[in-house]
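Following: one structure in structure tokens, then a few remarks.
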Amino acid sequence: MRGLPRVVVLTGAGISAESGLQTFRDNDGLWESHRIEDVATPEAFAANPELVYSFYNARRAQLQQPEVTPNAAHTALAKLEQHLGDHFLLVTQNVDNLHERAGSERVLHMHGSLLAARCSHSGESHTWKQAFDGSTPCPCCASPGQLRPDIVWFGEMPMYMDAIHDALSQADFFVSIGTSGQVYPAAGFVQTAREFGATTIELNLEASQRGSLFSESFQGPASKLVPDYVEAFIEQLSVS
Ligand code: APR
């Protein structure tokens, strides 16, 4: 049987919108009610850590609400991973854990995770599910005030970039789901994938800023588009 195609999927906040989590740049988005420079930069954390703690504590608490669960798009990607194994890689800009809760295992969180805290002293990341503030002792150095959200802020280097570039250079398909394509380096992945010869597909509620760079672009809600796309992709695998 021909070798399985290599697929890299990039997700953004749009894939979690139907699970009840706010996106950033839609009308009710997080950046409509908060300024990035107040809650999502190292300078913001240095100037007013309590405000930054409260921003991420609120998002973590929302994620832990019982009604916030993976939707059909998350589940479909987990199913595609089951078919492709190590020929599949999911890169997410999202800091929620809905992909993992849907069963995805090969997930790279390039912007970090709401359910982790990082020691500012050692850089070590710790699973973290409860609210924290400046007085919370750090698990690794026991000193209070060392913990920060394990989130990649604006001006910081996203994570796993070498692994992501390596995967893009070998991808047969690059599928972008639920992202506005406004934040680099993720916004540049489609161009990289094209340069290495991949077929590029965008599944988004509306055409993103990078929409014209994709071989194919479909608009609609992720919970409908993604399962349909995955079913067709798996069907294609079975006949090839
Ligand atoms: N189905 C599919 N797409 C959707 C849905 C939906 N139900 N709802 C919204 N979208 C689309 C919007 O049309 C938009 O293009 O999801 C995209 C969300 O864009 P953003 O809010 O900009 O989120 P994202 O692209 O993930 O932002 C990237 O910016 O602020 C930083 O670090 C933050 O990871 C984030 C990065």
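When reading the values below, keep in mind they use all heavy atoms of this one structure, side chains included, and skip hydrogens, waters and symmetry mates. On a predicted model such as this, the values are computed, not experimentally measured, just so you know. Just so you know, ligand 1 is whichever comes first in the structure, and atom 1 is the first atom listed for that ligand.
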message: Is the distance between the ring centroids of F173 and F233 under 6.0 Å?
response: yes
- request: Can you sort out the partners of P227 under side chain to side chain contact (heavy atoms under 4.5 Å, CB included), two or more places apart, ordered by chain and number?
  value: A72, A76
message: Applying side chain to side chain contact (heavy atoms under 4.5 Å, CB included), can you list everything that pairs with R210, at least two apart in sequence or on another chain?
response: Y184, A187, V190, Q191, S208, L213, F214
field: E43 side chain to E37 backbone, donor-acceptor under 3.5 Å
entry: no
- line: Those residues at least two apart in sequence (or on a different chain) that pass salt bridge (charged side-chain N to carboxylate O under 4.0 Å, His left out) with R106 are none
task: Identify the heavy atoms of G211 and E202 that sit nearest to each other, and give their distance.
output: CA-OE1, 3.5 Å
query: When you look for protein heavy atoms under 4.0 Å from ligand 1, which residues do they belong to?
result: G12, A13, G14, A17, E18, T23, F24, R25, D26, W31, Q93, H111, F154, G178, T179, S180, V183, N204, L205, E206, G220, P221, A222
